[in-house]
Peer 1: 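A single structure is presented below for examination.
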Amino acid sequence: MTSTLDAATVTMAGALNTALADALAADQGVVVFGEDVGTLGGVFRVTDGLAARFGQDRVFDTPLAEAGIVGTAIGMAMNGLRPVVEMQFDAFAYPAFEQVTSHLAKLRNRTRGAVSLPIVVRIPYGGGIGGVEHHCDSSEAYYAHTPGLRVVTPASPADAYRLLRQSIDCPDPVIFLEPKRRYWSKETAQLEAGGPALDQAAVVKRGTDVTLISYGGTVATTLEAAAAAAEEGWDAEVIDLRSLSPVDDRTLTESVRRTGRAVVIHEAAGFCGYGAEIAARLSERCFHSLQAPVLRVTGFDIPYPAPALEGHHLPSTDRILDALARLQWDDEPDERWLDSGGAHA
Amino acid sequence: MQSLDFRPFRARHWRQLFTDVSHWEPNVTAVAAHPVSSSPPAGTGLLPSGEPWQLIDPAGQPVTEAGPLPPDPTLTELYRRMVIGRRFDAQATALTKQGRLAVYPSSHGQDACQVGGVLALREQDWLFPTYRDSVAIVTRGVDPVEVLSLLRGEWHCGYDPHQHRVAPQCTPLATNTLHAVGLAHAARLKDEDTVALVLLGDGATSEGDTHEALNFAAVWKAPVVFLLQNNGYAISVPLAKQTAAPSLAHKGIGYGIPGELIDGNDAAAVYTTVQAAVERAAGGQGPTLIEALTYRIEAHTNADDATRYRNSDEVAAWLARDPLTRLEAYLRSAGQLDDDGAGRLRAEAEQFAAVLRERMNADVPADPAELFAHVYAEPTAPLREQRDSLLAELRDAGEQR
Ligand SMILES: Cc1ncc(C[n+]2csc(CCOP(=O)(O)OP(=O)(O)O)c2C)c(N)n1
Ligand SMILES: [Mg+2]
């Protein structure tokens, strides 16, 4: 179903709120619950006003227990509801991990398709907000590694609306990761539920020299880097993945076969991070088109740092430009690739 | 066992600290809805009785002061289903020895819980079983071959949960408690008269999910019944290493849920207690926690060696409390069962086992392509690629042969 509103300036948090309201209005089976989502409207106000509008039976506060929230959502979905639950912060979703991986992800398969779990688990994630410990994790790789889950993350308000509406309509369980540092980013757009499929990546900037691949909170940074690269003479293409699982191989390979160079950017730790999967897929699928190794610009392999130091950890435009410069433009391999010492350090 | 002191005056004192008094109302409705005199339970308020409640003693004598027995046809049916269930259980264990089942956790000894709990359910109610509860699922009417699918080593649970309202057998301990609460709460939200019965073991009560489920159920007044089969062990670990609570049923009061302690080898007591709890739940009075004291006679599974952690005297003592002999003795003394009737039942159970044996001997063709079919509602593009590559691999292997 397509819901078209007038074009207006909207924040990502506002777009998500509208998506929830429209989904609640469109389908009596939709219920929204979690910690502080009722009266307070959520710590990020994404559920603001929904309990008052739709009543406490459809939008409600639960006891404080994340496994309980996901576990009971599973039971509710078995009984025909479409739960949209909120985990208050990325790192506080971990208590629900067993319910997510052992049941949410597997029940359809375990029942040979007889039980469908159309559940959305909304998780505000990532840093860049000066948050304290346990409030800034990028946990996407844990979920994307789990077969049976869809993992979706928007980078703009209009996408946030559309992807959340489509995730709620989707018969599969969706881990919906909301980049909290973009909650207050604004866009003038029409909010529409229709459009490209849920698992379709977007080419958000066309270019010919190199493909910059990102998602969620670092898409804006990547676009800034692409603009800066243009001043240096590089015409970069930028892809916003939007769906991390399943991944849109077609858009990726089509782009990289054309440009011959790629950099993956995310703020999660690089080791066994989501970018490693993309780099591997591109070298498997585009090897003969590649002019240079696929590079990654990621957070360091450290626990998310304190506010005073997070600027060093997050991918910056400079770091993206630096990676871009190392893509063997003059056919000279980067010195770092020849230094075997690093591999044994 | 001494009873705990509830101290309502504390509540009054603390209540003054809250602006909205509803935050600190003791759950008087739960207490009032659960009168001391009614049977069952024999407990007081939210607390369980000191001794496990029993309707028929191990010698088959009715415990008249405990309350009325279920009607004779019900007792006869409980017995019949236990005889069939016991035979099914033995057959399943035998199938492991023949390599037809990968593993089987027996419920021999827990038959009264398996059958009594399920027969107390109404058509529209849901059952949330564990790996231990195959007999309960068979009693619910699911095809026994389908019930054994998972244990046979298949990748799916074998049955459509919606058909008999039975969730897949759950192996991650205690996780099914939350599913039951969610399903029951959804029923309340949709104004449906459905109660969920969840089965769990004594070991599972130590898991966090059990705590969360009891708490959610109580806060939401969800129509759910927790039937806890306390068989004394979690694999090898005895109850004393699992809890310091006076009884597991005592845990209910901490959530505002009535706890019942019953003799889990007395099918009449299990049936009556679960039925009353189902009625309570259906009547909007919320959840009940029932602790049924029982024992598994076999090892944890066919792969376990129980002699490493318990002695044969203990097993012998529990064999003397067998749920089938007890009910049989009662039915005979009540004139409801004679040798002919017992013989007919045995023949029925044998027939049930023979059919099962034969059907389990047939190999089920497994389709490798189906591995990719139900991971998502529609196979994703990467899964389609992987399926096709597996099929190509199989084609190549076939051509080489
Ligand atoms: C979360 C989890 N941890 C460990 C296990 C392994 N395990 C299977 S059964 C079992 C013992 C469970 O004991 P109890 O709850 O008393 O049930 P019983 O087997 O006695 O019926 C254990 C430890 C498991 N299945 N799930
Ligand atoms: Mg046990």
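Being a predicted model, the structure only gives us computed values, none of them experimental. In what follows, chains are A, B, ... by sequence order, proteins preceding strands, each numbered from 1. Heavy atoms only: backbone and side chains are in, while hydrogens, waters and symmetry mates are out.
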Peer 1: Could you tell me which of A/S102, A/G29, A/G75, A/P118 has the largest number of non-hydrogen atom pairs under 4.5 Å with chain B?
Peer 2: A/G75

Peer 1: I need the residue from A/P95, A/P173, A/A114 with the largest number of non-hydrogen atom pairs under 4.5 Å to chain B.
Peer 2: A/A114

Peer 1: Yes or no on side-chain contact (heavy atoms from CB on, under 4.5 Å) for B/C170 and A/H103, after CA distance, side-chain angles and deciding distance?
Peer 2: CA-CA 9 Å; B/C170 185; A/H103 294 298; 3.7 Å; yes

Peer 1: Checking A/Q99 side chain against B/T175 main chain: does a donor-acceptor pair fall under 3.5 Å?
Peer 2: yes

Peer 1: Could you look at B/R165 and say if it's the side chain, the backbone, both or neither that has a heavy atom under 4.5 Å from chain A?
Peer 2: neither

Peer 1: Under 4.5 Å from any heavy atom of chain A, what part of B/D160 do you find: side chain, backbone, both or neither?
Peer 2: both

Peer 1: Looking only at heavy atoms, what is the nearest atom pair of A/D249 and B/P382, with distance?
Peer 2: OD2-CG, 4.1 Å

Peer 1: At a heavy-atom separation under 4.5 Å, does B/E192 approach chain A through its side chain, its backbone, both, or neither?
Peer 2: side chain

Peer 1: Name the region of A/A65, side chain, backbone, both or neither, that has any atom closer than 4.5 Å to a heavy atom of chain B.
Peer 2: both

Peer 1: To the nearest 0.5 Å, tell me how far B/K190 NZ sits from A/D57 CG.
Peer 2: 13.5 Å

Peer 1: Counting heavy-atom pairs under 4.5 Å with chain B, which one of A/K106, A/M76, A/R108, A/R110 comes out on top?
Peer 2: A/R108

Peer 1: Counting heavy-atom pairs closer than 4.5 Å to chain A, which one of B/L189, B/L383, B/T177, B/N176 comes out on top?
Peer 2: B/L189

Peer 1: Could you state the interatomic distance from CH2 (B/W126) to CG (A/N79), rounded to the nearest 0.5 Å?
Peer 2: 7.5 Å

Peer 1: Rounded at 0.5 Å granularity, tell me how far CD1 in A/I74 sits from NE2 in B/H179.
Peer 2: 4.0 Å

Peer 1: What residue, out of B/P168, B/A373, B/A180, has the most heavy-atom pairs lying under 4.5 Å from chain A?
Peer 2: B/P168

Peer 1: Rounded at 0.5 Å granularity, tell me how far CD in B/E378 sits from CG in A/D172.
Peer 2: 9.0 Å

Peer 1: Verify side-chain hydrogen bond (donor to acceptor under 3.5 Å, both in side chains) between A/T72 and B/H185, making sure each step is shown before the conclusion.
Peer 2: CA-CA 8 Å; A/T72 54; B/H185 185 56; over 6 Å; no

Peer 1: Any salt bridge between B/E385 and A/R281, counting N to O under 4.0 Å?
Peer 2: no

Peer 1: Check whether B/T380 gets within reach of chain A through its side chain, its backbone, both or neither, counting any heavy atom under 4.5 Å.
Peer 2: side chain

Peer 1: Is the number of heavy atoms from other residues, nucleotides or ligands within 6.0 Å of CZ (A/R250) greater than 12?
Peer 2: no

Peer 1: Between the side chain of B/Y376 and the main-chain N/O of A/L149, is any donor-acceptor distance below 3.5 Å?
Peer 2: yes

Peer 1: Say you draw a straight line from NE2 of B/H374 to OG of A/S116; how long is it, rounded to the nearest 0.5 Å?
Peer 2: 12.0 Å

Peer 1: Just checking A/F92: does its CZ atom have more than 12 heavy atoms from other residues, nucleotides or ligands closer to it than 6.0 angstrom?
Peer 2: yes

Peer 1: Taking it one step at a time, do A/R112 and B/W155 satisfy side-chain contact (heavy atoms from CB on, under 4.5 Å)?
Peer 2: CA-CA 9 Å; A/R112 222 172 184 172; B/W155 53 272; 3.6 Å; yes

Peer 1: Which region of A/Q56, side chain (C-beta onward) or backbone (N, CA, C, O), has a non-hydrogen atom less than 4.5 Å from a non-hydrogen atom of chain B, or is it both or neither?
Peer 2: neither

Peer 1: Just verifying a value: how many Å separate A/N109 CG and B/C157 SG, rounded to the nearest 0.5 Å?
Peer 2: 10.5 Å

Peer 1: Among A/E98, A/Q28, A/R150, which residue forms the greatest number of heavy-atom pairs with chain B at distances under 4.5 Å?
Peer 2: A/E98

Peer 1: I'd like to know which of B/A377, B/A186, B/A184 tops the heavy-atom pair count under 4.5 Å against chain A.
Peer 2: B/A377

